[in-house]
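These notes are about the structure you will find just below.
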Amino acid sequence: MRYFLLITLIAFICACGSSQPIPQWKDTSFRQLETYKVNFLTDQEDATEPHFAKAKKAASSNNNLLLLSTVYLTKYALHTAALEEFDDSDFLRMEKLHPHAANRAYYNLLKGDFHAVEVKLLPPIYSKLLPFMAQKNLSAANREFASMNDSLSVLIACGIWVKHLPYDDSIVKLAIDIAAANGWRRPLWAYLTTLQQYYLDHQETTKAQNIKERLELLKK
Amino acid sequence: MSRDLKVGLFIVGTTIIILAALLYLANEKGLFANTYVFTLSSKSGDGLTEGMPVVFSGFDIGKVSTLELNDKGMVLIKIKIAQRHVKWIKADSAFILYRPLIGAARIVVTTNNLNSPPLPEDKIVAMETVNDINDAIKKVQPLLEKITQIAENLERLSNNLSDPKGDLNRILSNAQIITKTLSSKKSFLEMAVADEESVQSIYEALKKVKDIVTKIDKMADKMDKQLYGKEGTLPNINQILKDIAGKLQKLDKTVDNINKISTDTSDGMKDFRMLRSDIDDTVNAIDDVAKKLDDLISSKKDPEFKLP
């Protein structure tokens with residue numbers, strides 16, 4: 001029995017040692033990008049976006065423009081989720097040097113150019129949603145949102161819809177619920193502000209006033 | 001040769017010489033020259049005499065030969081012009097009887113265009129008259145009228161002066177009245193205003209003005225003391241400025257110290273950089289340890305970059 005235990009321990013240690021080590025740059029870039037995502041959504045990333053800069057720096061050390069453009073697209077997607085504009089000049093320069101169909105399709109989706117998007121090239125989670133976006137079918141899109149299991153992807157999809165398509169309060173409320181459930185302050189303020197403006201535009205001043213007061217209390 | 005013959009020859013020779021000289025003189029005087037006679041007409045024969053010279057550009061060229069009246073009562077003057085001077089007499093020549101104030105009268109010929117045709121002898125030309133004496137009289141006449149007028153004015157003025165009711169006497173009497181009034185009034189102002197109450201008001205106003213000026217003087221004195229006195233504003237300001245200057249000098253030292261401190265800080269920053277580098281190394285070391293532990297404990301997979 002004692003021998004058996006000793007052999008098992010050695011086998012475990014050997015098993016751990018046999019796996020190939022992850023490259024430093026890759027690990028750093030991945031971790032910084034994940035930190036950036038969380039900090040951005042929780043409104044802890046300041047204007048200089050230091051974690052994005054670190055992620056970009058680590059990713060660029062591999063001389064891989066495809067990976068770098070993925071990092072940039074992640075940033076653009078987060079800005080879209082928070083209903084913000086983004087500067088796409090860096091991605092376009094990389095796309096010119098190293099064209100990549102999947103990245104281009106994702107970029108077109110973020111920019112609201114739905115007819116230029118090839119469904120097969122998109123991440124699978126958006127594939128069913130794209131036809132509804134092209135048809136501007138919000139009710140069908142809402143049903144699709146309910147079936148999506150990734151909160152960030154749903155928020156990004158909501159951001160694309162609100163930025164580029166006609167919307168009602170249902171999609172904005174859905175985005176608010178998702179942001180609130182995950183504690184993502186930055187998109188939460190953005191969608192609350194959008195909802196307030198929506199009510200003001202539709203002469204629903206009481207609702208707009210309520211949202212305004214809610215915002216003031218939450219931001220206190 | 002006999003004596004008689006010699007005397008005879010001398011007399012004949014002398015006679016010939018005398019005759020020749022006379023002929024020469026007569027010729028020179030134009031006695032044998034042809035003359036042209038022109039006829040002039042004038043309303044009056046005043047100042048005209050036979051033998052009166054006819055002058056062209058100041059030179060005698062002829063003379064008046066005869067004067068006669070025609071049937072219409074006009075005076076016809078015939079003038080003789082020697083042949084050598086007839087070239088100056090043209091159809092457009094003007095004949096003027098010139099009677100100067102001093103000197104003899106003469107007929108002056110003026111020809112503007114010497115290329116014009118010669119004056120026919122049978123043509124009667126009207127003569128004009130220039131009379132300096134008459135012109136002088138005409139000029140003196142208005143002067144005399146003015147002198148007469150001045151004399152009349154002087155006479156009127158003297159009459160006015162001598163008249164007890166004249167303007168001058170009236171002015172003098174008015175002046176007398178004014179001087180009397182002036183001597184009776186208290187002031188020139190009273191005389192000008194002619195109202196004692198008004199004068200009193202003006203006096204009071206002037207007194208008030210004097211009081212105001214006195215007060216302003218006092219205020220100026222006070223202001224002067226406040227500004228320039230021993231404890232005045234300006235000495236205080238000077239004191240404050242001196243204090244500020246002193247403090248600025250001290251501040252210079254402070255600035256020097258700050259410069260020194262900033263230099264020291266700059267040097268210290270190098271140490272900070274070193275320290276930060278050490279901290280970075282330490283953090284990286286801890287990170288490496290954590291990563292290795294993570295690798296040992298968990299079966300970590302290769303991270304995959306996926307679009308969200």
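Predicted, not measured: the structure shown is a model, and the values here were computed from it. Within every chain, numbering begins at 1; the chains are lettered A, B, ... in the order of the sequence lines, protein sequences first and strands thereafter.
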Handout entry: Inter-chain contacts: residues 54-79 of chain A against chain B, heavy atoms under 4.5 Å
Key =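 Near chain B, by residue number: A:Leu67, A:Thr70, A:Leu73, A:Thr74, A:Ala77.
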Handout entry: Residue-level interface, residues 122-155 of chain A with chain B, non-hydrogen cut-off under 4.5 Å
Key =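 Under the 4.5 Å heavy-atom cut-off, A:Pro123, A:Tyr126, A:Leu152, A:Ser153 qualify.
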Problem - Closest heavy-atom pair and its distance - A:Phe30, B:Phe305 - result: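 What the structure gives for the nearest pair is N-CZ, 3.5 Å.
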Exercise for the section: Check whether A:Gln24 gets within reach of chain B through its side chain, its backbone, both or neither, counting any heavy atom under 4.5 Å. Expected result: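 For A:Gln24, the contact with chain B is made by backbone and side chain together.
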